[in-house]
There are 2 protein chains.
Amino acid sequence: MTTTFRDIKADVLDRIANGDWGPGVALPSEMELAKTYGCARATVNRALRELAEEGLLDRKRKSGTRVRMTPTRRARFDIPITRREVENRGEIYRYALVWNEEKTAPGWLAARMGLNTGTPVQHIICMHYADGNPFQYEDRWINLLALPQVRDTNFSTVSPNEWLVATIPFSDAEIGFSSVSADENLSRHLGCAEQDALFQMDRSTWFEGKPVTFVKLYFQRGYRMATKY
Amino acid sequence: MTTTFRDIKADVLDRIANGDWGPGVALPSEMELAKTYGCARATVNRALRELAEEGLLDRKRKSGTRVRMTPTRRARFDIPITRREVENRGEIYRYALVWNEEKTAPGWLAARMGLNTGTPVQHIICMHYADGNPFQYEDRWINLLALPQVRDTNFSTVSPNEWLVATIPFSDAEIGFSSVSADENLSRHLGCAEQDALFQMDRSTWFEGKPVTFVKLYFQRGYRMATKY
DNA sequence: GAGTGGTCTAGACCACGTT
DNA sequence: ACGTGGTCTAGACCACTCT
């Protein structure tokens, strides 16, 4: 039986768990490990590279590989489009446009997205429903200089969410999670009481270096975003 | 100049962005791509493997590689220990123990952690402060069958958070984010009004398959957890 | 059965960072 | 200058899965 990179990952994790290799301790070099495990250096390399990417090891040329001082773990979240998320729960998805207007970027938005003041933007507000119940309130701004074709798009049947992922298949983004109190408008659309604590996700998106869109998503009361890691 | 796996990733991303390879489209096989890029198959393999891990491609033996139908992106969050998080903001960290008691697991906890009813657990409540202001309220339960040494640990100076990462350097975990309204107890400890919307993180942790701890962390009002991806 | 990705090997050269 | 990780190569065998 040959040694796989998974075997090596497991063994290194064991040694860290047992305390053989405590925080800050330097591991043997890849060549030495390859010899002890009886495998090629590439195999050791892949194992250690993945552990480093998972946040458990620090690697530097010349200095070698060390166990991280504070083993910060990295959680990964899949951010699906809203329709998918609802359908994956086995619920029926419905979409409704609430507001659609062209205007010039207000100051706070220009600052947030890195736009010049006076940049034309499209402001879209819409609702996503699951089994007829309010699921998510979407408040989106799109930079019309980056995506002028938004002006010719009818968002009464297609959500800007889906239209964007079809138009821009990937992008750089910054995402944030926080908690907000429902105001009168949110409580009305989401069918909750004013002051109710709502989970909020905000996201700024760039495409080829240019700011494209900024969105705030407000989830139904009690929503929980979860993952394993 | 040789073709690197980064070159290939960039080129594949370009083709997806341009629409050459739309959602659902099958890419050429690794061997063909290696020939067109003029590089080894291993190089193509790494590029495509990483793109698949990032959520842009689907790969299956025999069927080959396809562009994902809904290009769900994956956001990664670093989950640091609380002290580190405060110190990284350039603020002074302080810790205080609020409650520490051994009891048997209540029903909801047993269900949540997968424990037998009657399992002894330690219930610890503590506060984390940043520059003297309440930063985080920690409500933790530890399975004493998995970590009996908790009984002999003094948590008045060391937070269970730090003690655990030192004792269990890594673990499997499930993590969730949500939003809650501050009750009387939380508002008192966090120095906010009742009903204020608070960001909450919960985490269940397993070590070697055994449930170890369950914790709810309540953050100060206005807290935002952010990342780029 | 056949085609695809998954992985390992043995060797090589390079980039970086410490000395 | 030198040791370490970072990456590429050419080849090989295997595991999965579709037909």
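Every chain is numbered from 1 and lettered A, B, ... according to where its sequence line falls, protein lines coming before strand lines. The shown structure was predicted, so the numbers you read here are calculated from the model rather than taken from an experiment.
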Collect all protein-nucleotide pairs involving nucleotides 14-19 of chain C in which both atoms are nitrogen or oxygen and the distance is under 3.5 Å.
from, atom 1, to, atom 2, distance (Å)
C/dA15, N3, A/R61, NE, 3.1

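- The side-chain hydrogen bond (donor to acceptor under 3.5 Å, both in side chains) search around B/D78 returns A/R74, not counting sequence neighbours.
- Scanning for ring-ring contact (aromatic ring centres under 6.0 Å, His included) contacts around A/W21 gives an empty result, with sequence neighbours left out.
- Annotation: salt bridge (Lys or Arg N to Asp or Glu O under 4.0 Å) contacts involving residues 142-155 of chain A, sequence neighbours excluded, comprise A/E102-A/R151.
- The side-chain contact (heavy atoms from CB on, under 4.5 Å) check on B/S178 picks up A/R224, B/Q200, with sequence neighbours excluded.
- Taken residue by residue, residues 24-36 of chain B places heavy atoms nearer than 4.0 Å to DNA chain C at B/S29, B/E30.
- Under the side-chain hydrogen bond (donor to acceptor under 3.5 Å, both in side chains) criterion, B/T82 pairs with B/Q136, B/N161, sequence neighbours left out.
- The side-chain hydrogen bond (donor to acceptor under 3.5 Å, both in side chains) check on A/T157 picks up nothing, with sequence neighbours excluded.
- Residues satisfying the side-chain contact (heavy atoms from CB on, under 4.5 Å) criterion with B/L145, sequence neighbours excluded, are B/T119, B/P120, B/N143.
- Among residues two or more places apart in sequence or in another chain, the side-chain contact (heavy atoms from CB on, under 4.5 Å) test is passed with A/A130 by A/V86, A/E91, A/F135.
- If you check every strand for non-hydrogen atoms under 4.0 Å, A/R41 touches a base.
- Map A/G64 and B/T4 each onto its nearest nucleotide of DNA chain D; the residue landing nearer the 5' end is A/G64.
- Separation of the B/F199 and A/F177 ring centroids does not fall under the 6.0 Å cut-off.
- Checked against side-chain hydrogen bond (donor to acceptor under 3.5 Å, both in side chains), A/Y93 has the following partners two or more places apart in sequence or in another chain: A/H128.
- Nucleotides of DNA chain D with any atom under 4.0 Å from a heavy atom of chain B span, from 5' to 3', D/dT7 to D/dC18.
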